[in-house]
Amino acid sequence: MIEIGGTRVPMREQSVEERIKNFRSVPYGYNKEEVMKEAQRCIQCNGAPCETDCPINMKILEMIREIAYGNFKKAFLIVKEDNSIPGITGRVCPQENQCEGVCPVSKRGNGINIGKLEAFVADWARENGVKEEIHIKERPERVAVIGSGPAGISCSVDLRKFGYQVTLFEALHKAGGVLQYGIPAFRLPTEIVDYEISYLSEIGVDVKLNFFVGQNIKFSELRRDFDAIFIGTGAGAPLFMSIEGENLKRVYSANEFLIRVNLMKAHKFLEYDTPIVWGDTVGVIGAGNVAMDAARCALRLGAKKVYILYRRTKKEAPAREEEIQHALEEGIILEELVAPKRVLGNKDGWVTSVELFKMRLSEADESGRPRPVKIDGSEFILKLDTLVEALGTKPNRLFLHKAPELNVTSWGLIKVDKNLMTNIEGVYAGGDGIRGNATVILALGDGRRAAKSIHERLSKGKKKGVKKD
Amino acid sequence: MRHTIVRKEALNTENYLIEVMAPNLAERFQPGQFVIIRIHEQGERIPLTVAGVNPKKRTITLIFQVVGKTTMELGTLNAGDALINCVGPLGNPTEVKKFGRVICVGGGTGIACIFPIVKALANAGNEVISIIGARTESLLILENEIEAVSTETYIATDDGSKGHHGFVSEVLRDLIKKYKKPGEIDRVVVIGPPQMMKAAAEVTSPYTIKTIASLNTIMIDGTGMCGGCRVFIDGEMKLACIDGPEFNAHKVNFDDVISRLAMFKEKEVLAVKHFQKSIKKKAGRQ
Ligand SMILES: Cc1cc2nc3c(=O)[nH]c(=O)nc-3n(C[C@H](O)[C@H](O)[C@H](O)COP(=O)(O)OP(=O)(O)OC[C@H]3O[C@@H](n4cnc5c(N)ncnc54)[C@H](O)[C@@H]3O)c2cc1C
Ligand SMILES: Cc1cc2nc3c(=O)[nH]c(=O)nc-3n(C[C@H](O)[C@H](O)[C@H](O)COP(=O)(O)OP(=O)(O)OC[C@H]3O[C@@H](n4cnc5c(N)ncnc54)[C@H](O)[C@@H]3O)c2cc1C
Ligand code: SF4
Ligand code: SF4
Ligand code: FES
């Protein structure tokens, strides 16, 4: 690759000693001078490969040009045309595999810092009260959106802009999905998520919290009462290893561990009522974003030693590059090539250790990553006080069970056609609920696409609502 | 949505009853189901069984025992105060049909949880024998209400202050002995402290009488997302919130349930102390 454009304007961050004691954002974000300087490194190249590799094909080149000139408002409005939550995607997208990964300005990892530019314009707009002006031409049709993660948020926003009457149902007491209960505040500050959520009500989305569709309101009622439905229920049900000892105390799913902290604020226990218990040594199984988040939360709660236990090696770890780097800087120990055999405890039922196999890497599997293979007789014991399982999640089986008319795969993923419509006419789905564990930006893209499909269905020709039973 | 408390009653020194505005719930509730409530922004999510509904008034009744910070604070609320959340009905309803002769066993605050089930089973044409128990007479709740809908009612207290001196499981054992022939008791439903449910399951197991227990694990979301409420049924992991709360008592690993309930004990004690101190401070200022 060509070596032009110099090196990135460095991102100022909280020092390691300081940040492991708090839940505040690790990067401070660029200031005006820095952001313009970074934008000026962009050579506005022909065809802008960054845009092609952004899953929602954001107009990155134009955004950067406006930032380079200091026209932050214009940059913000350009971003908002495609992306309803830039303050979030700018912080959590796996940029190294997307927009930034293909930027030819410099060697890998040194391309234009698109994510941080995007986050800057979003933050700037929020801090300066700048909003996009939208003129809603009301339409009478009602659309129900189920789940308030990035898929549900983006679908609701776009549907409102088309003029539909949108009701968003969320099972929990706070909206945002994984953005709210999963991703910790040191990566995604709560006020940013809350701001995006408050925008929903501001533009007239009727947000109904504490409604679990299928349980305290029936799916069939939605089919009866709405002209279209979007399902953005995600994949929030934790997977367990199904090995001996998972019943022991202080063995958690990453979901429980993160929900206690992020949603219930257990790190502020006594001011908040929800407790969490850990111990000096914490082990986290897995090496995705979820595992890194759990490990870094454990550290911030006060654990002295935190292990990431991963069956492959750092190179194959699915987490974002920035997270792995931050985790290692913070002193988290990455134990590569290990897989749990069983969890061991004492007579009072508390976990005391985990027995691990050593692994070796064999030829690549379907995912293209080398397959980990157990080494016979290699078992060893690692002492710990807490074990967190971050093995991935599945779609919520309760919802699927209560809406049996939906076609799903053997994994419980909802089947959709190219317009994101399910087997029930007028009912659409997107996000992790159709993809499994994917990303915020793919969920957001699905929400947008589904909104467009719904608009096409409801606005063109004779009106067609949801197919009734 | 806020849920206003329209009535509050102290049933005894440990148990309170509150009647709460919850129109959606009052309309949809089925016996055996529960709600998850939160008192305020900093509050914990705790599960409570719905003890009754009044669809006309659009209210539900909750009966709770003060065991820790949240239930203690809930006990300080009065009519006119409100819960910040009350989500439900959650969990699967009790299987209600005509079984024949059913024994319902309620221990402690579990009596409140079993009351709607007793009523529903009686309405479905069953002969319902109820056994209720508490540590001492003054802690017995809903005695008259249970009696009014049951064919027979037995009482047990740990200290012998009323009824059988001992545990409800002992009364259950004697009753089953009385109806010796298989098939004379078609089902047993038991709700109460896990130790009590375990004892009851041990009593009925040799007779292979289908026995149902409602598991009161620690919960957060109540929708199958955290895995914190996991229980082991015949060795298989299930989630009490969405697969239960009722399970075949003969297959439940009660020792696990009991053990996991103690996971946060140390912190819970701290929370209570902190709360009591803050109440004293407030009182001091007034
Ligand atoms: C800890 C963690 C860290 C992550 N880090 C990153 C990252 O850095 N970058 C990235 O791109 N991706 C990351 N991801 C993945 C990303 O968050 C998800 O791909 C994305 O949130 C999926 O969005 P969604 O809208 O499909 O569903 P979700 O965000 O899962 O939201 C679904 C919502 O629907 C609600 N719901 C479910 N069922 C019902 C029902 N029946 N009725 C009403 N409401 C219901 C749920 O309560 C939830 O709020 C992370 C995930 C986790 C768990
Ligand atoms: C489906 C279900 C229905 C329930 N229905 C009722 C009800 O109708 N009335 C009622 O009084 N209680 C009920 N419970 C129990 C109730 O949820 C707990 O008592 C409550 O969460 C305790 O909160 P706390 O903060 O006051 O006490 P904590 O400080 O959390 O706990 C104090 C003590 O109580 C024990 N404990 C904690 N959580 C539970 C629990 N979930 N169940 C039993 N013991 C627990 C702990 O071991 C601890 O020692 C139900 C539980 C479940 C799962
Ligand atoms: S949305 Fe994500 S992939 Fe697209 S430009 Fe922004 S950070 Fe890059
Ligand atoms: S690929 Fe890089 S240099 Fe080219 S337009 Fe995009 S950000 Fe600018
Ligand atoms: S309470 Fe979270 S899974 Fe049951």
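Below, read A as the first sequence line, B as the second, and so on, with proteins coming before strands; counting in each chain starts at 1.
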Heavy-atom pairs under 4.5 Å with chain B, option from A:L209, A:T274, A:N247, A:I276 with the top count:
A:N247

I need the B:I220 CD1 to A:I259 CD1 distance, nearest 0.5 Å.
6.0 Å

Could you go step by step and tell me if B:F264 and A:R260 meet the side-chain contact (heavy atoms from CB on, under 4.5 Å) rule?
CA-CA 12 Å; B:F264 299 99; A:R260 284 187 180 273; 3.3 Å; yes

With a 4.5 angstrom heavy-atom cut-off, is it the side chain or the backbone of B:R38 that approaches chain A, or both, or neither?
side chain

Find the one option among A:V251, A:L258, A:T393 whose heavy-atom pairs under 4.5 Å with chain B are most numerous.
A:V251

May I ask you to test the A:H173-B:R45 pair for a side-chain heavy-atom distance under 4.5 Å?
yes

Per-residue contact mode, B:L261 against chain A (heavy atom under 4.5 angstrom):
neither

So which of B:S259, B:C86, B:G224 has the biggest tally of heavy-atom pairs under 4.5 Å with chain A?
B:S259

May I ask you to name which of B:Q33, B:E27, B:M237, B:R230 has the most heavy-atom pairs under 4.5 Å with chain A?
B:R230

Nearest atoms (heavy-atom pairs only) where B:H40 meets A:D273:
CE1-OD2, 3.6 Å

Residue selection (most heavy-atom pairs with chain B, distance under 4.5 Å) from A:G214, A:G236, A:G349, A:G234
A:G236

For B:K57, look at atom NZ and say whether over 12 heavy atoms of other residues, nucleotides or ligands are found less than 6.0 Å away.
yes

Shortest non-hydrogen contact between A:E246 and B:R260, atoms and distance:
O-NH1, 4.4 Å

Whatever's closer than 4.5 Å to a heavy atom in chain A on B:D243 counts as side chain

Side chain, backbone, both or neither: which part of A:F399 has a heavy atom under 4.5 Å from chain B?
neither

Would you find more than 12 non-hydrogen atoms of other residues, nucleotides or ligands less than 6.0 Å from B:R28 atom CZ?
yes

Shortest non-hydrogen pair, A:W350 vs B:M263, comes out as CH2-O, 3.2 Å

Heavy-atom distance under 4.5 Å to chain A: side chain of B:L90, backbone, both or neither?
both

Tell me whether A:N396 contacts the main-chain N or O of B:M225 through its side chain, where contact means a donor paired with an acceptor under 3.5 Å.
no

Could you check whether atom CD of A:E271 has more than 12 heavy atoms from other residues, nucleotides or ligands sitting under 6.0 Å from it?
yes

Main chain of B:N24, side chain of A:N216: is a donor-acceptor contact present, judged purely on distance under 3.5 Å?
no

Options A:L263, A:D348, A:L172, ranked by heavy-atom pairs under 4.5 Å with chain B, top entry:
A:L172

Identify the two heavy atoms, one from B:K267 and one from A:F269, that lie closest to each other, and give their separation to 0.1 Å.
O-CZ, 3.2 Å

Measure distances from A:F257 to the heavy atoms of chain B and classify the residue's part below 4.5 Å as side chain, backbone, both or neither.
neither

So which of B:S278, B:C241, B:A262, B:C226 has the largest heavy-atom pair count under 4.5 angstrom toward chain A?
B:C226

Could you grab the distance from atom NZ of A:K265 to atom CD of B:E44, nearest 0.5 Å is fine?
15.5 Å

Where is the tightest heavy-atom contact between B:A271 and A:L270, given as atom of each residue plus distance?
CA-CD2, 3.8 Å

Would a distance-only check, ignoring hydrogens and angles, find a side-chain to backbone donor-acceptor pair under 3.5 Å from A:Q215 to B:G91?
yes

When B:D256, B:T223, B:I36 are compared by non-hydrogen pairs under 4.5 Å with chain A, the top option
B:T223

